[in-house]
Amino acid sequence: MTETILINIALVILFLPLLGFAATINLGAKIKKMYYFEIFIITATLILTIIAAFFKLSDFVNTQIGSSFTWIAFDTVKIDLGIKIDNITVIMLFVVNLISFLVHLFSLEYMKGDKRFNRYFAYLGIFTFSMLGIVLTDNLLMMYIFWELVGLSSYLLIGFWFEKKSASDAGKKAFLTNRIGDIGMFLGILILFANYNTFNFDVIYSQINLGILPFDSTVWLTAAGILLFMGAVGKSAQFPLHVWLPDAMEGPTPVSALIHAATMVAAGVYLCLRLFVMLTSDAMLVIAVVGAFTSFLAATIALTQTDIKRVLAYSTVSQLGYMIMSIGIGAYAFAFFHLVTHAFFKACLFLGSGSVIHAMHHSQELEDLGGLRKKMPVTYLTFLISTLAISGIPLTSGFLSKDGILAGTLAFGELTGHWLIPILGFTVALLTAFYMFRLLILTFHGKPGNQEKYNHAHESKWVMAFPLVLLSMLSIFIFYTPNPISAESGWFLDKWISTPETVVPESTRFEFMKSSDSELVDANFVHSKLYEETMHHVHYPAMILSVLLGGIGILFAFLFYQWKKINVDKLTNSIRPLYNLSKNKWYLDEIYNATFINGTLALSKIISWFDQYIVDGIVNGTAKITKIYSTYIKWIDTYIVDGLVNLTAILSGIIGLALRKLQTGKVQTYIVYVILSLLILLIVFKPV
Amino acid sequence: MEGFPILSLITFLPIVGMLIILFLPKEQQQAIRLTTLLITFIQIVLSVIMLMNFDYKASGIFDNSTFQFVEKFRWIEIPGISWLGTVKVDYFLGIDGLSMPMVLLTSIVTFIATLSSWNITKAVKGYFSLFLLLNTGMMGVFVALDFFLFYVFWEIMLLPMYFLIGIWGGPRKEYAAIKFFLYTLLGSIFMLLVMIGLYFSAKETLPDGARVFTFNLIELTNIANYSADGILAPMNPNNWRLVAYIALFIGFAIKVPMFPFHTWLPDAHVEAPTPISVILAGVLLKLGTYGMLRISFPIFPDITLQLAWYIGLFGMINIIYGAFCALAQKDFKKMIAYSSVSHMGYVLLGIASLSTTGINGAILQMFNHGTITAMLFLIVGVLYDRSHTRGIDDFGGIAIQMPIYTGFVTVAFFAAIGLPGLSGFISEALVFVGSFGSENIRILAMVSTLGILLGAAYMLWTLQRIFFGELNQKWNELKDLDWREYSMLIPLTLIILFLGIYPSAILDIMNSSVKSLVDFIITNANNFYITSL
Amino acid sequence: MAQVGLNHFLIVSALLFSFGLFAVVTRKNAVMVLMGIELILNASNINFIAFSKFGNFAIDGQVIALFVIVLAAAEAAIALAIVLNIYKVFSNVNVDEIDNLKE
């Protein structure tokens with residue numbers, strides 16, 4: 001296995017799903033079974049990915065492989081496109097393709113009977129292609145290109161059942177909300193390109209490392225970081241652009257699992273990982289605060305939602321907030337680790353909910369569910385494992401990654417004094433455990449909400465059950481580390497993922513990232529040594545605290561909903577304003593509607609009015625004035641100019657009338673005139 | 001290719017076609033259509049032949065020797081009229097990297113528009129005669145290198161356009177046609193004045209050594225040709241170059257159309273029959289920005305540099321203003337018309353950057369906008385032919401009834417939104433990269449990015465209102481596309497896809513020209529610059 | 001008594017011319033008008049001959065006078081023919097009635 005082969009495999013992995021899309025969308029109308037081709041493609045892609053990942057992580061674990069070609073070149077501008085394969089890339093490839101494969105399988109049963117079955121698979125194909133593009137890219141432009149393409153596939157899939165207004169609304173909302181973030185990202189790219197004349201990550205970073213700053217100012221560097229992060233805010237549904245994700249649940253549930261839980265929404269986190277080395281301390285702080293606040297906001301909203309998918313959606317937002325926060329506080333490795341673990345257990349949760357929804361004939365309100373534990377044991381068990389993972393209970397993957405992040409927040413608090421972030425982080429851990437178990441209990445425990453549907457419910461077929469089982473298996477610690485309480489000794493973090501060294505100038509780093517802490521300098525990881533030390537230091541307190549909080553959350557969930565020791569309604573009534581705030585998602589949709597959306601629409605009406613009546617009015621007015629003016633001119637023309645002409649005519653008429661008297665018609669008179677004239681002439685011109 | 005008058009051929013072929021049509025009896029409708037189709041197809045072949053023989057390294061712009069396929073003859077010559085000296089006008093054709101993409105675009109768009117004209121049934125003979133005359137005018141403007149000739153072609157376009165809108169148009173066709181005609185004529189007058197001013201300001205040296213006043217666009221770019229007391233001579237301290245530039249700019253801006261001279265466009269588009277809308281958006285709008293690049297920029301580099309910021313400002317206004325207007329429209333076709341205003345704003349923004357990236361992006365955007373908007377108007381036409389209404393809110397759920405059509409619509413809409421992989425993206429991106437890179441208009445570029453969002457907003461909202469939702473039962477009889485519509489939409493889709501993936505196909509044609517244009521402006525702006533008004 | 005000189009001839013001629021003119025202008029009958037013209041012609045003949053005699057012209061005057069007489073005869077013939085035609089059309093030869101030139 002050489003590097004060239006690996007690159008070629010990666011390219012094949014990238015373009016196979018595109019082929020699947022192109023073939024399925026074009027032939028889907030003619031060939032009924034076209035979706036098998038797409039399934040075949042994704043299977044092949046997955047196999048190739050496993051091969052590639054295996055060789056990368058064994059043979060080239062410490063090398064970065066890449067290849068690029070010139071796409072556009074003119075004058076001094078050269079735009080290269082290329083791929084870069086490092087450990088993060090292959091792991092992401094694996095995650096994306098595995099989940100994509102499982103979702104394909106799951107959809108075979110879940111979407112059965114849909115009239116646009118082939119098209120659905122085609123869309124899955126283009127999504128997979130775009131997502132792989134994001135993962136493989138070595139430059140910002142290609143990142144942006146595929147960033148938009150996942151936006152497109154997300155739009156198409158959310159609005160897949162476009163007959164429903166809510167679905168097409170949600171698709172539109174998702175695309176537009178993402179575009180807001182994309183504008184920021186685009187501006188960030190423009191700043192970098194204007195200064196470095198390249199889109200390539202590594203070239204840009206080496207330039208920054210040499211001390212060449214955008215427009216010679218650290219402010220612009222920070223601005224570039226934050227603007228690029230805006231892309232992640234959109235895609236990873238961070239506050240204030242998170243509103244699209246819950247609505248995106250209008251799409252088919254397997255799509256929610258693939259795109260809106262496991263992969264696409266994690267692209268924002270992936271972007272931040274790529275950008276990590278160029279983030280200044282200010283930018284990181286912004287990222288940390290946004291992430292922490294988002295995770296808190298979403299967790300509070302998730303407490304009261306009654307739609308099974310919406311609860312999961314908010315929990316996704318919340319977990320994404322965790323990852324983003326984790327990057328902001330410098331816990332690079334754990335951000336990626338959580339991305340991976342979350343992808344598996346959240347995909348499992350969504351597919352589990354899909355299984356439930358399928359069994360209950362598209363009923364997804366919690367009050368209709370309940371007691372499904374006995375009817376659907378496989379779904380229940382996998383759901384339970386994933387719920388434990390997301391709640392951060394030991395022996396699960398979620399425990400490892402979450403624990404790492406929480407330890408990171410504590411270390412960050414200790415090193416910088418920003419204690420708000422760990423406080424939010426731990427609160428969210430408590431809330432997460434609570435609302436996830438609330439969801440679990442209300443869905444699977446207790447009494448059926450809708451007896452009739454309940455009677456018809458049954459366990460899903462194997463194509464749906466298999467993905468659940470596999471994904472829940474991957475939520476167990478053993479796949480990542482042999483040590484169930486510390487991830488750092490495992491291959492995942494120890495061998496594969498290492499925090500890259502930041503390239504920003506010393507003055508814009510956090511204190512603990514400065515290389516001047518000479519006694520703690522490590523040859524490989526200059527900046528994070530002190531940080532890692534502190535993290536080790538707070539590891540056990542953080543772990544104990546998080547498990548404790550998780551336990552409390554679970555306990556309360558059982559007290560509230562399983563054993564009903566505490567009356568939910570009574571409690572709700574006593575904190576009615578808070579409850580309403582949570583239930584109505586902090587009224588953010590309403591606020592946005594009232595301000596931005598209606599504002600834009602009103603503005604567009606005003607401008608259109610301005611256009612029609614003022615700008616065009618001036619044009620038409622000019623025409624009108626010209627017309628009025630011309631009627632005056634016409635008057636002048638008729639009565640003055642033409643009047644003079646007529647006057648001359650009339651005068652000559654009068655004179656003629658007078659003169660015609662002389663013309664008698666009698667020759668004799670004329671002779672008299674002649675003679676008289678002759679005489680007058682003789683007198684006048686008499687010869688001297 | 002040496003000596004073969006390919007440019008005259010491609011320009012005057014439609015006139016030949018027109019004569020043939022005039023001799024055909026008017027009952028022979030099919031023959032008339034086929035003649036037109038054949039003529040436009042030959043034009044495509046000719047432009048492809050030109051492209052294959054095109055020297056990618058020759059820059060053109062201000063260098064007489066690097067223009068290609070040049071044809072130059074004395075056209076009008078009146079020797080020795082008192083102080084005027086010899087009056088002469090050359091028949092001077094030639095192309096460079098600026099005009100080649102436009103010639104290509106014109107031949108493609110007219111071919112598609114001919115196909116789209118198939119269902120015109122009223123006065124077929126007259127329609128296609130005028131159509132071909134219009135075709136000659138458009139081609140002529142792109143290949144003429146003599147200002148006088150340029151002007152003649154420019155005016156030739158007006159007449160057929162007036163009748164094509166005024167006779168074959170919608171309910172308010174007379175209003176729209178007159179508005180279009182008068183508005184454009186106003187621009188022409190400005191242009192005429194500047195043309196005469198330039199004529200009396202510069203002289204060229206003939207091969208026999210005589211110095212005569214000139215309309216030659218290439219000679220006019222040379223500072224050495226100006227006489228010191230010429231009204232538009234740069235070295236004249238009391239020159240009127242700024243005024244002339246603004247006048248000329250307004251002449252071109254009306255065609256672009258630039259805010260606030262854009263209001264003829266929505267009316268003309270809405271009333272014009274589909275193929276004429278296609279031509280209008282696909283080719284005619286490009287004439288304005290082409291004129292700026294061909295005439296204003298090289299002849300007035302000093303003023304260009306001085307006013308670049310304002311050009312950028314109007315570009316920005318166009319982008320955002322057009323987008324807001326599009327958002328508020330209830331008429332499908334009007335919405336597309338305003339989206340044109342918005343998209344042409346990117347072209348203005350790009351050329352205002354005065355950087356190779358920006359201008360490359362702008363010309364590419366001209367090409368891409370030509371194909372994408374042509375497709376959008378065809379799409380409107382398809383729906384209008386079937387339903388006889390254009391109200392966006394009258395529809396709903398068309399995607400269920402016409403899935404293949406909806407597929408094409410999605411491609412076109414997303415191309416207009418600037419989705420990567422489709423051609424609109426790369427030109428917009430280059431425009432932004434160029435204008436952001438130019439310190440002068442950086443802020444304008446930043447504000448203009450709002451257009452990306454608004455563009456998506458009006459397009460997606462329209463897509464949703466017309467195509468999504470439950471099928472409005474009124475429309476459950478609508479048929480999906482027929483072969484003729486396929487033949488129009490598929491080539492455009494392929495072009496959009498191809499240029500989205502391989503934009504260099506067009507970029508390479510214009511690289512050297514754009515580079516020499518930019519260098520020319522930057523290096524000459526200071527030579528030219530004395531003081532103006 | 002002074003010798004008969006040029007002035008005498010001219011006075012006779014002038015008188016004759018005046019009578020002729022008077023006849024031409026005042027007579028209503030076309031024939032009378034013609035006779036007036038004859039008088040005018042003869043007045044001019046007298047002048048020709050007188051100038052010829054008293055000037056240095058040999059017999060040029062007399063020759064021209066002969067021409068005039070011949071022409072007068074021819075003119076009279078044509079004029080009388082016209083008068084006859086006028087009579088045929090208008091049934092009279094009163095020149096006051098014949099004012100068709102007015103139109």
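Computed from heavy atoms alone, side chains included, the values below leave out hydrogens, waters and symmetry copies. Numbered from 1 within each chain, the chains take letters A, B, ... in sequence-line order.
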Tell me, for B/Glu470 versus chain A, whether the close heavy atoms (under 4.5 Å) come from the side chain, the backbone, both or neither.
both
Of all of A/Thr600, A/Ile79, A/Ile189, which one pairs up most often with chain B through heavy atoms under 4.5 Å apart?
A/Thr600
Between CE on residue B/Met446 and CG on residue A/Leu190, distance to nearest 0.5 Å
9.0 Å
Counting heavy-atom pairs under 4.5 Å with chain B, the top scorer among A/Phe146, A/Phe610, A/Trp609 is A/Phe610
Any side-chain heavy-atom pair from B/Ile320 and A/Ile607 closer than 4.5 angstrom?
no
Per-residue contacts, residues 129-143 of chain A versus chain B, heavy atoms under 4.5 Å
A/Leu141
Against chain A, work out which of B/Arg442, B/Gln329, B/Glu439 has the most heavy-atom pairs shorter than 4.5 Å and name it.
B/Arg442
Checked A/Val77, A/Leu152, A/Ile25, A/Ile618 vs chain B; the most non-hydrogen pairs under 4.5 Å come from A/Leu152
Greatest number of non-hydrogen atom pairs under 4.5 angstrom with chain A, of B/Ile404, B/Asp508, B/Asn360, falls to B/Asn360
Region of A/Tyr144 that comes under 4.5 Å of a non-hydrogen atom in chain B
both
Flag the one option from B/Val514, B/Ile417, B/Leu463 with the top tally of heavy-atom pairs under 4.5 Å to chain A.
B/Ile417
Rounded distance [0.5 Å steps], OH in A/Tyr155 versus CG in B/Leu419:
11.5 Å
Is it the case that atom CZ in A/Phe69 sees more than 12 heavy atoms from other parts of the structure closer than 6.0 Å?
yes
If I take atom CH2 from residue B/Trp264 and atom CG from residue A/Asp616, how far apart are they, to the nearest 0.5 angstrom?
12.5 Å
Ignoring hydrogens and geometry, is there a side-chain-to-backbone donor-acceptor pair from A/Trp71 to B/Ile501 under 3.5 Å?
yes
May I ask you to name which of B/Ala457, B/Ala445, B/Ala323, B/Gly397 has the most heavy-atom pairs under 4.5 Å with chain A?
B/Ala457
Quick check for you: to the nearest 0.5 Å, what is the distance between A/Asp75 atom CG and B/Asp519 atom CG?
7.0 Å
Spacing of A/Ser604 atom OG and B/Trp461 atom CH2 [to the nearest 0.5 Å]
7.0 Å
Options A/Thr76, A/Asp169, A/Leu603, A/Asp611, ranked by heavy-atom pairs under 4.5 Å with chain B, top entry:
A/Asp611
Which pair of non-hydrogen atoms, one from B/Asn511 and one from A/Ala73, has the smallest distance, and what is that distance?
ND2-O, 3.3 Å
Interface moiety of B/Phe432 toward chain A, non-hydrogen atoms closer than 4.5 Å:
both
For B/Phe425, is it the side chain, the backbone, both, or neither that has a heavy atom closer than 4.5 Å to a heavy atom of chain A?
side chain
Given heavy-atom pairs under 4.5 angstrom as the criterion, report whether the side chain, backbone, both or neither of B/Tyr183 touches chain A.
side chain
Please flag which part of B/Leu454 lies under 4.5 Å from any non-hydrogen atom of chain A: side chain, backbone, both or neither.
side chain
Would you find a donor on one side and an acceptor on the other, under 3.5 Å apart, between the side chain of A/Ser608 and the backbone of B/Phe324?
no
Are the aromatic ring centres of A/Phe186 and B/Phe436 under 6.0 angstrom apart?
no
Just to be sure I understand the criterion: a residue of residues 174-184 of chain A counts if one of its heavy atoms is under 4.5 Å from a heavy atom of chain B. Which ones qualify?
A/Phe175, A/Leu176, A/Arg179, A/Ile180, A/Ile183
When rounded to the nearest 0.5 angstrom, what distance separates CG in A/Leu156 from OG1 in B/Thr410?
7.0 Å
